[in-house]
Amino acid sequence: MTFEEMFAEVKKRISGADVSAINEHLAYQFNITGDGAGSFYVEVRDGQLYVEPYEYYDRDVIFTCSAKTLEKIADGKQDPVLAFTLGKLKIEGSIDKALKLKDILKSGK
């Protein structure tokens, strides 16, 4: 799977998330390793959700994982906390804000 294919799938899955109740700015960068390597960001700003295939320099959190791990997390087949514990997901930045991503993913289903 190429980065473009993986990103298109992620954007499709996340874009339906209801973030209208989130009153704070959240910015997540995802660094994908291995097959489909690349970077993209997810941002919540003014009750809107943005998903773009770029690095985000003013981010709150950086997640680093393989495309396979990200897919499992997005499908609900892998708990992100367990993935972090097992070393499949690396997190840099605000853990409090990182945990809020789980709610965004749930609202997109």
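What you see is a predicted model; the values in this text were computed from it and never measured.
Of the possible polar contacts, one joining the Asp18 side chain to the Ser20 backbone as a donor-acceptor pair under 3.5 Å is found. Thr69 places no side-chain N or O within 3.5 Å of a backbone atom of Cys65 that could act as its donor or acceptor partner.
Qualifying side-chain contact (heavy atoms from CB on, under 4.5 Å) partners for Glu71, counting only residues two or more places apart in sequence or in other chains: Arg13, Asp75.
Between Tyr28 and Leu101, the closest heavy-atom pair is OH-N, 3.5 Å. Taking all atoms of both residues into account, the shortest heavy-atom contact from Met1 to Glu5 is CA-OE1, 3.4 Å. What you find for Met6 and Ala67 is that their closest heavy atoms are CG-CB, 3.9 Å. Taking every heavy atom of both residues into account, Ala37 and Phe3 meet most closely at O-CB, 3.4 Å.
Within the 4.5 Å cutoff, the side chain of Gln29 has heavy atoms near those of the Ser39 side chain.
More than 12 heavy atoms of other shown residues, nucleotides or ligands fall within 6.0 angstrom of atom CG in Asp79. The environment of NZ in Lys11 is crowded: more than 12 heavy-atom neighbours from other residues, nucleotides or ligands sit within 6.0 Å. Atom NZ of Lys72 sits in a sparse spot, with 12 or fewer heavy atoms from other residues, nucleotides or ligands closer than 6.0 Å.
Both Leu99 and Ile104 belong to a common hydrophobic cluster when Ile, Leu, Val, Met, Phe, Trp and Tyr are linked at side-chain heavy-atom distances under 4.5 angstrom. No continuous path of ILVMFWY side-chain contacts below 4.5 Å connects Ile91 to Ile62, so the two sit in separate hydrophobic clusters. No chain of hydrophobic side-chain contacts below 4.5 Å, direct or via other Ile, Leu, Val, Met, Phe, Trp or Tyr residues, connects Leu82 to Ile73. Under the 4.5 Å side-chain contact rule for hydrophobic residues, Leu86 and Ile32 do not share a cluster.
Judged purely by distance below 3.5 Å, without hydrogens or angles, the side chains of Ser94 and Asp96 never pair a donor atom with an acceptor atom.
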| request: Determine, step by step, whether Phe63 and Asn31 satisfy the side-chain contact (heavy atoms from CB on, under 4.5 Å) criterion, reporting the C-alpha distance in whole Å, the side-chain angles of both residues, the deciding distance to 0.1 Å, and the verdict. | output: CA-CA 6 Å; Phe63 296 101; Asn31 294 333; over 6 Å; no

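Atom-to-atom distance recorded for Asn23:CG and Asp46:CG is 10.0 Å, nearest 0.5 angstrom. Distance check: Lys100 NZ to Lys97 NZ gives 7.0 Å after rounding to the nearest 0.5 Å. Taking OG1 from Thr64 and CD from Glu92, the interatomic distance works out to 6.0 Å, rounded to the nearest 0.5 Å.
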Name the atoms and distances for all side-chain donor-acceptor pairs under 3.5 Å in residues 49-57, with sequence neighbours left out.
{"from": "Tyr56", "atom 1": "OH", "to": "His25", "atom 2": "NE2", "distance (Å)": "3.4"}
{"from": "Tyr56", "atom 1": "OH", "to": "Glu43", "atom 2": "OE2", "distance (Å)": "2.7"}

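Here the two rings, on Tyr41 and Phe30, have centers that are 6.0 Å apart or farther.
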